[in-house]
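Notes for the one structure printed next.
Computation of the quantities below employed the complete heavy-atom set of this structure, encompassing side-chain atoms and omitting hydrogens, waters and symmetry-equivalent molecules.
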Amino acid sequence: MTKATDLRVKSDDQLSEDLGNLKREAFNLRFQAATSQMEKPSRVKEVRRDIARIKTLQSERVRSAAK
């Protein structure tokens with residue numbers, strides 16, 4: 001799980017890359033859940049929240065740049 005403070009120091013490109021990696025991981029976790037091969041079910045929740053943190057930070061940056 002990443003903290004919001006850790007994400008705030010990253011550049012936009014780094015955030016986009018992290019978001020892509022997390023989305024790929026979320027897809028793999030959904031696939032594991034469908035085939036009953038999941039090792040850590042709690043990881044799904046962590047990944048979803050990390051994706052939400054990054055998207056929130058990206059939208060904050062877009063709004064602040066528009067001002």
- prompt: Is the closest side-chain heavy-atom distance between E60 and R8 below 4.5 Å?
  reply: yes
message: Within the structure provided, determine whether L19 and L15 are in side-chain contact (heavy-atom separation under 4.5 Å).
response: no
message: Does R61, at its CZ atom, have more than 12 non-hydrogen atoms belonging to other residues, nucleotides or ligands within less than 6.0 Å?
response: yes
Closest non-hydrogen atom pair between Q14 and S11, with its separation: OE1-N, 2.9 Å
task: Answer yes when R43 and E46 have at least one side-chain N-carboxylate O distance shorter than 4.0 Å, and no when they do not.
output: yes
- prompt: In this structure, which one of R30, K23, E25, R24 forms a side-chain contact (heavy atoms from CB on, under 4.5 Å) with V47?
  reply: E25
- prompt: What heavy-atom pair brings V44 and M38 nearest, and what distance separates the two atoms?
  reply: CG2-CE, 3.4 Å
field: Gap between atom CG of D18 and atom CG of D50 - 0.5 Å precision
entry: 9.0 Å
- line: On a heavy-atom basis, the closest approach of S59 and T56 is OG-O, 2.8 Å
- line: On a heavy-atom basis, the closest approach of Q58 and S16 is NE2-OG, 3.6 Å
field: Atom pair CG (L22) and CD (E17), whose distance is rounded to the nearest 0.5 Å
entry: 11.0 Å
